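Keep in mind that what you see is a predicted model, and the values were worked out from it rather than measured. Reminder, nothing fancy here: chain letters follow the sequence lines and each chain counts from 1.
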Amino acid sequence: MKNLLWIQGLSCNGNTQSLLNAENPYFYELFQKVELLYHPSFSYRENLQTVLKRIDSDKLKVNFLVVEGAVTSDMKFHRTGNYTIAQILQKLKDKVDYIIAAGNCASFGNIPATLSCNPDVTGLQFRFTQKGGLFPSDFKTKSGYPIINIPGCPMHPAWFTQTIIALLEGRKIVLDSFNRPKELFMYLSHDGCIRNEYFEWKVEGEEFGHKEGCLFYNLGCRGPMTHAPCNKILWNGISSKTRAGMPCIGCTEFDFPLRRNYFETKKNIGIPEEVPLGVTKRAYLTITGVAKTFKNERLNKKLEETD
Amino acid sequence: MSKIRKLTKEERKKEIVKVACRLFAERGYYNTTIPDIAEELGMSVGNLYNYFRSKEELAKYIMQYSSKLLGEEIHKINQQDIPTKEKIYKIVRKFFEIGQEQPELIEYFLRVFLSNREVFEEGCEGFLCVQEVVTELMLFLEEGARKGDFRQQDFFPAFVTLMGPLGGMVFLQGENVLPKEPVEYSQELAENIWRALKAD
Amino acid sequence: MGKVIKTVLNRVEGEIQLKLHWEKGKVKDAFIIAPNFRGFEFILEGKPVLDALVINPRICGICGHAHLIATTKAIENIYENTGQKIDVPQNAKLIRDITIGAEIIQNHIRWFYMFVMPDFIKLEKGRKLKAFEPVKGIKWQQAVDYSSKIVKVIAVFGGQWPHTSYAVPGGVVCDPTTFEIVEATATVDSLIKFTEENIFGMNLDTYISITSEDEFLDRAKGSDLKEFLFLCKKHKLDREGKSYHRFLTVCEMEHVFEKGITKKKKKDFHVGKVRRD
């Protein structure tokens with residue numbers, strides 16, 4: 001049976017916690033298909049240092065190395081035993097078939113990488129927009145894949161389990177330019193949002209707490225600019241932030257969380273600074289003007305009062 | 001084939017717009033009929049109906065035509081890599097130049113479009129018939145504020161601050177009270193608009 | 001012996017190490033070290049206040065929701081302290097209580113079955129605690145199922161767990177339908193049944209009416225809580241950490257430390273103010 005080793009850098013454990021919520025397959029079903037060598041939260045018998053020694057002396061071959069959390073080579077900020085996460089990764093990088101960055105921290109650096117007093121915090125192969133993190137951008141594991149990024153703060157469990165199973169089954173995974181599985185991250189979190197009708201007719205949500213209105217215009221929603229299938233593969237099997245009425249904060253993107261004012265759309269003289277992906281601002285403003293002129297009466301009522 | 005090149009449909013439409021515009025502005029929308037316009041153009045009423053199915057359609061088309069014309073000009077200015085202040089001057093100047101070259105368009109806007117709203121209720125409501133101009137001005141204002149040249153504010157006050165003086169100037173010209181051509185006031189007007197919109 | 005550093009725990013945010021200074025066979029000084037520093041307090045500096053709603057829950061992946069609710073209330077306090085009255089509607093207060101409650105239930109189940117019980121397997125070499133074995137044990141798997149199920153309640157109101165920011169100053173972002181509320185109550189009912197059958201070993205009303213440990217032990221059937229109490233006593237864990245001799249259990253921290261912000265490394269600790277409830 002193939003095996004999997006899970007290590008953590010600067011992390012909140014959120015990706016582990018999210019993975020426990022997996023349903024298709026369940027967490028424990030995944031680890032019937034692949035042996036879990038070590039996980040810092042669940043291994044009570046195994047010791048990471050012992051596992052590392054066995055790998056180092058080639059007594060143990062690792063197939064999947066999963067990294068949760070941002071990495072740093074500064075001892076003051078992170079240690080596992082006597083090693084930094086960066087030292088452990090340098091030891092392992094050429095010995096494993098695949099390295100999976102689980103979550104946005106390991107993928108792009110995320111919140112830990114915004115700490116200004118330690119500029120060394122980074123993702124594995126990216127640091128925000130910058131290509132190359134702990135490993136250079138041309139680094140590839142034995143399998144020929146670069147670090148496979150499953151971003152999201154946290155990642156959705158299905159994105160992870162399905163990636164692992166696809167690789168176990170020998171399927172080829174196409175990656176996008178940020179090394180995310182393309183077939184997951186080709187969708188925008190906007191796709192499938194139950195507020196799409198409000199988006200199309202430019203019915204703007206002005207405040208929180210309503211089922212009606214699109215959150216894109218005033219309330220900071222990043223749905224039309226964020227690569228994530230959050231409204232296709234639902235969270236906890238039932239919902240998503242935008243369905244509940246919370247704006248998408250773009251947490252699967254490489255530039256999260258560099259933005260400010262998550263609950264407010266950046267506008268200049270009332271015009272949105274950013275427009276949905278794939279459309280020019282000119283075209284977007286034109287279509288907005290037209291949509292606003294023709295009203296869809298249904299969308300201007302409380303849902304409970306519609307025909 | 002005839003040696004004399006026939007006017008294309010678009011060119012013919014342009015000619016119709018020019019004449020219709022003038023007649024509407026001079027005589028008023030309701031006092032101008034399709035036969036009047038056809039006669040002025042020297043074409044048959046039936047032929048004119050080949051271009052526009054009704055007087056109302058013609059009236060709306062004139063608005064779209066003017067919006068497209070001005071919109072394209074502002075688009076060209078938007079594309080230029082010049083300071084925001086200079087862009088204001090170019091927009092102002094272009095607006096007055098069009099007014100000078102095709103005064104019937106301005107007259108039409110003031111005396112038909114703004115005075116006979118009921119004609120334009122369906123199909124020209126909101127910004128529908130002037131979309132190109134509005135979109136270009138939105139892009140212009142957004143870019144200016146993004147660069148930090150303009151003060152942040154709501155769109156409508158900024159829009160009116162920009163366009164209001166232009167309309168006011170051509171209105172005064174129409175009333176024959178302006179000693180100079182509007183285009184000659186471009187510099188001063190642009191300066192006023194800039195001072196009103198610029199960041200502190 | 002000198003210095004001894006031992007990793008004692010690694011559960012959520014990195015390792016916890018215990019450093020002991022030995023002198024003549026006795027521990028002279030002891031330190032608890034968490035060698036992982038993310039610095040949220042510094043990351044927040046200079047950020048727009050509402051952004052804390054997004055950043056703070058990410059302190060912790062298992063109890064992030066508690067950080068969200070605490071942040072929301074802290075921001076509401078800031079507004080109130082500057083004279084702006086914040087009226088949180090009653091239904092929003094209830095929804096916040098429900099979602100934080102759901103996370104606490106998840107915490108209890110995950111900590112108990114995933115982070116505590118497996119350690120007894122090491123202590124109990126002869127006994128059969130196979131059901132609690134991580135990943136493979138049936139009880140461990142059930143704990144995954146039900147702890148993941150209860151957080152669906154947070155997803156109903158907040159869209160997802162972990163890491164929603166659905167609570168905002170003044171209320172919550174959601175406006176649930178009757179049917180979403182029913183989805184949440186049905187989930188809670190299912191969790192009650194799970195705890196009755198697996199943790200309490202009796203129905204909920206009986207459990208609430210229990211007045212003594214003996215009564216509980218007597219009436220509980222097939223109860224993991226009973227098993228836990230048995231193991232604790234067997235390994236004398238019930239006597240650890242008691243507030244006598246050199247062991248301190250600080251229950252109320254408020255009076256013990258000075259109030260206010262400090263960047264000093266040491267804070268005065270008033271041992272005389274330590275109270276045991």
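Looking at heavy atoms from C-beta onward, C/Phe42 lies out of side-chain contact with A/Ser116 at the 4.5 angstrom threshold. A/Asn236 places a side-chain heavy atom less than 4.5 Å from the side chain of C/Trp161. Counting only heavy atoms from C-beta outward, the side chains of C/His163 and A/Gln17 never approach each other to under 4.5 Å. With contacts defined as side-chain heavy-atom distances shorter than 4.5 Å, the pair C/Met114/A/Leu20 qualifies. No side-chain heavy atom of A/Tyr26 sits under 4.5 Å from any side-chain heavy atom of C/Ser148. C/Phe37 is not listed as a side-chain neighbour of A/Asn118, based on a closest heavy-atom distance of 4.5 Å or more.
Residues A/Gly209 and C/Asp175 share a closest heavy-atom pair of O-CB, 3.4 Å. For the residue pair C/Arg38 and A/Ser11, the shortest heavy atom distance occurs at CZ-O, 3.6 Å. Closest approach of C/Lys47 to A/Arg260, counting heavy atoms only: CA-NH1, 3.9 Å. Residues C/Pro162 and A/Pro154 approach most closely at O-CD, 3.5 Å, considering heavy atoms. Between A/Ala244 and C/Phe157, the closest heavy-atom pair is CB-O, 3.7 Å. Scanning both residues, A/Gly245 and C/Val173, for their nearest heavy atoms gives O-CB, 3.3 Å.
Proximity to chain C (any heavy atom under 4.5 Å) is shown, for A/Ile111, by both the backbone and the side chain. With a 4.5 Å cut-off on non-hydrogen atoms, A/Pro40 touches chain C through its backbone and its side chain both. The part of C/Val168 that comes within reach of chain A is its side chain, from C-beta onward, which places non-hydrogen atoms under 4.5 angstrom from that chain. Heavy atoms of A/Glu29 lying under 4.5 Å from chain C are absent altogether. Interface remark: C/Ile33 contributes side-chain atoms only to the contact with chain A (heavy atom separation under 4.5 Å). Looking at C/Pro176, only its backbone comes within 4.5 Å of chain A, counting heavy atoms on both sides. Using a 4.5 Å cut-off between heavy atoms, C/Glu133 touches chain A through its side chain atoms alone. A/Arg79 touches chain C through backbone and side chain together, each having a heavy atom under 4.5 Å away. Using a 4.5 Å cut-off between heavy atoms, A/Leu36 touches chain C through its side chain atoms alone. Proximity to chain C is limited to the side chain of A/Phe27, based on heavy atoms less than 4.5 angstrom apart. Contact of C/Val49 with chain A is not made at all, since no heavy-atom distance falls under 4.5 Å. Contact of A/His210 with chain C is made through the backbone alone, with heavy-atom distances under 4.5 Å. Contacts of C/Glu183 with chain A are made by side-chain atoms alone, with heavy-atom separations under 4.5 Å and no backbone atom involved. Heavy-atom distances place both the backbone and the side chain of A/Phe42 under 4.5 Å from chain C. For a residue to count as touching a neighbouring chain, one of its non-hydrogen atoms must lie under 4.5 Å from one of that chain's; by this rule A/Leu115 touches chain C with backbone and side chain alike. Both the backbone and the side chain of C/Ile62 come within less than 4.5 Å of a heavy atom of chain A.
Residue-environment remark: NZ (A/Lys76) stays at or below the threshold of 12 foreign heavy atoms within 6.0 Å. No more than 12 heavy atoms of other residues, nucleotides or ligands shown are found within 6.0 angstrom of NZ on C/Lys136. Enclosure of atom CZ in C/Phe112 by more than 12 non-hydrogen atoms of other residues, nucleotides or ligands within 6.0 angstrom is indicated. Under a cut-off of 6.0 angstrom, the local environment of NZ in A/Lys53 is sparse, with at most 12 non-hydrogen atoms contributed by other residues, nucleotides or ligands. More than 12 heavy atoms of other shown residues, nucleotides or ligands fall within 6.0 angstrom of atom CZ in C/Phe40. Taking a 6.0 Å sphere around NZ of A/Lys267, one finds it holds more than 12 heavy atoms contributed by other residues, nucleotides or ligands. Other residues, nucleotides and ligands contribute over 12 non-hydrogen atoms within 6.0 Å of the CG atom of C/Asp189. Atom OH of C/Tyr79 sits in a sparse spot, with 12 or fewer heavy atoms from other residues, nucleotides or ligands closer than 6.0 Å.
Remark: side-chain polar atoms of C/Asp51 are paired, donor with acceptor, to backbone N or O of A/Tyr262 under 3.5 angstrom.
When each of C/Val151, C/Asp145, C/Val144 is paired with A/Asn21, the side chain to side chain contact (heavy atoms under 4.5 Å, CB included) condition holds for C/Val151 and for no other.
For A/Glu23 and C/Lys152, the salt-bridge test passes: some basic side-chain N is under 4.0 Å from an acidic carboxylate O.
When the candidates C/Cys60, C/Ser147, C/Pro57 are compared by the number of heavy-atom contacts under 4.5 Å with chain A, C/Cys60 comes out ahead. When the candidates A/Arg243, A/Lys211, A/Glu207 are compared by the number of heavy-atom contacts under 4.5 Å with chain C, A/Lys211 comes out ahead. For chain A, the option among C/Gly64, C/Pro118, C/Gly171 with the highest count of heavy-atom pairs below 4.5 Å is C/Pro118.
Summarising the geometry, atom CD belonging to C/Gln160 is positioned 8.5 Å from atom NE2 belonging to A/His156; distances are rounded to the nearest 0.5 Å. The OH atom of C/Tyr166 lies 12.5 Å from the OG atom of A/Ser239; values are rounded to the nearest 0.5 Å. For the atom pair SG of A/Cys251 and CZ of C/Arg58, the computed distance is 5.5 Å after rounding to the nearest 0.5 Å. Put simply, CD on C/Gln142 and OH on A/Tyr28 are 8.5 Å apart, with the number rounded to the nearest 0.5 Å. Between C/Ile55 atom CD1 and A/Cys153 atom SG the span is 10.5 Å, to the nearest 0.5 Å.
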Test side-chain contact (heavy atoms from CB on, under 4.5 Å) applied to A/Phe256 and C/Val54, step by step: CA-CA 11 Å; A/Phe256 179 78; C/Val54 169; 4.0 Å; yes
Test A/Arg45 against C/Ile121 for side-chain contact (heavy atoms from CB on, under 4.5 Å), laying out the working first. CA-CA 9 Å; A/Arg45 240 186 236 117; C/Ile121 304 174; 3.7 Å; yes
Test side-chain contact (heavy atoms from CB on, under 4.5 Å) on C/Thr164 and A/Trp235 and set out the steps. CA-CA 11 Å; C/Thr164 175; A/Trp235 282 85; over 6 Å; no
